[in-house]
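Each chain gets a letter, A, B and so on, in the order the sequences are listed, and its residues count up from 1.
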There are 2 protein chains.
Amino acid sequence: MTKPQSHDRETFEHMERTPEAQAEGFAIVRQAHESEMAEDYVELIAELIETRGEARPVDIAERLGVKPPTVTKNISRLRTAGLVRRERYRAVFLTEEGQALAEACRRRHRIVVAFLLSLGVDEEAAERDAEGIEHHVSDETLAAFEKNLSQK
Amino acid sequence: MTKPQSHDRETFEHMERTPEAQAEGFAIVRQAHESEMAEDYVELIAELIETRGEARPVDIAERLGVKPPTVTKNISRLRTAGLVRRERYRAVFLTEEGQALAEACRRRHRIVVAFLLSLGVDEEAAERDAEGIEHHVSDETLAAFEKNLSQK
DNA sequence: TACATAAATTAGCCGTGTCTAACTTTGCAA
DNA sequence: TTGCAAAGTTAGACACGGCTAATTTATGTA
């Protein structure tokens, strides 16, 4: 069950993580992927409501770079998840829960972008990279980003 | 084609990105997701070959936290992609191309981890977050991480 | 050598997130 | 007021990356 104490190689450059710890890490990444769609949508919906007064599927589709049927399907998933409220053929609005999630996501997004900018990454790249990175930043790392920012 | 000059709101807190630029950002993230599987596998395979002399599906599965049939299926995709070479029921090896990719991924991984550690993130979290973040770090951002590291 | 066990594969299922084609609804303008 | 264009939805397909159950192959040991 437990590993034998003695090995051919007794010396390690750096201690390897256990297979279990490694597996847990990958599980966390897979889990993050599952919530990415929801996070991207509510974030974008909040942005659209703020700047245009409403979030129309056609605008969501354009900004996400996907086709309208994809938006319809995903919006209905968000509705099932309780993040979004809407009537057929009408604009989309966020529930309380959706708003809370959007707020958290936008805050995290802002921090990641600001942090990358503070590192000297240009605006285009910072914005692009943040889109992918933000979903994988733990609270602890986010705090480290913030701390580092305020110390500049 | 071009946007009308005058708007209801002439003042922006910060200039919004165009829908196209935003859509391109999301497209890049989606693209990154497609190569994540390949990157995680070749990185892990290289690691296993280095530490154990060979990469067996059972070990890959354990460390990835997935079941063996998943590994079989994905390995065959990697073979099709030309990243991996192997005979049925035998261990997996990397092609030249696979090795090059693995090397690039491991380098990026090391830099991301080192950077997070330098920010004061603890080892566990750094390792976990890096797993997700590394696939979304552009060359430019990676360079910024490195530069910041060397300046410590 | 033969067999039990471990490893790997195959077959077949599922949910996600994308697409195209075709249809329905909305709402504006003549 | 009616009719058309734009927006939205539905239906149906597909690839991906997971899974379980059942099967096949490899291997070490009795």
Check this for me: does any side-chain nitrogen of one of B/R108 and B/E39 sit under 4.0 Å from a carboxylate oxygen of the other?
yes
Which part of the nucleic acid, if any, lies within reach of B/P57 when heavy atoms closer than 4.0 Å are counted: base, sugar-phosphate only, or nothing?
sugar-phosphate
Taking atom CD as the centre, does A/E124 end up with more than 12 heavy-atom neighbours from other residues, nucleotides or ligands that are less than 6.0 angstrom away?
no
Can you name the salt bridge (Lys or Arg N to Asp or Glu O under 4.0 Å) partners of B/R107, sequence neighbours left out?
B/E146
Could you tell me how far apart B/L64 (CG) and D/dG18 (P) are, to the nearest whole angstrom?
7 Å
A/E39 has an atom CD; how far is it from atom C1' of C/dG17, in whole Å?
16 Å
Whole angstrom is fine here: how far is it from CD1 in A/I75 over to P in C/dG17?
12 Å
Separation of atom OH in B/Y89 from atom P in D/dA26, rounded to whole Å:
7 Å
So if I take every side-chain heavy atom of A/M37 and compare against C/dG17, C/dA7, C/dT20, which nucleotide ends up nearest?
C/dG17
Within the structure, does a side-chain N or O atom of A/T70 lie under 4.0 Å from either OP1 or OP2 of C/dG17?
no
Roughly how far, to the nearest 0.5 Å, is the CG atom of B/L94 from the CG atom of B/L78?
9.0 Å
Think B/T72 has a side-chain N or O under 4.0 angstrom from the OP1 or OP2 of C/dA8?
no
What is the separation between atom CG on A/L78 and atom P on C/dT16, rounded to the nearest whole Å?
12 Å
What's B/R90 touching, base or sugar-phosphate or nothing? Going by heavy atoms closer than 4.0 Å.
nothing
Of the listed nucleotides (D/dT9, D/dA7, C/dT9), which one gets closest to any side-chain atom of A/R56?
D/dA7
Nearest-angstrom distance from the residue atom CD of A/E34 to C1' of D/dC16:
13 Å
Does A/R88 place a side-chain N or O at less than 4.0 Å from the phosphate oxygens OP1/OP2 of C/dT25?
no
Gap between atoms CD1 and P, on A/I60 and D/dA7 respectively (whole Å):
13 Å
Starting at atom NE2 of B/H33, determine the distance to atom P of C/dG15, rounded to an integer number of angstrom.
22 Å
Is there a donor and acceptor pair closer than 3.5 Å between the side chain of B/K73 and the base of D/dG18?
yes
State which of D/dG17, D/dG18, D/dT9 makes the closest approach to the side chain of A/R86.
D/dT9
Which residue lies toward the 5' end of DNA chain C, B/D59 or A/A38, if each is placed at its nearest nucleotide?
B/D59
Mind checking whether A/H135 and A/H109 have ring centres under 6.0 Å apart?
no
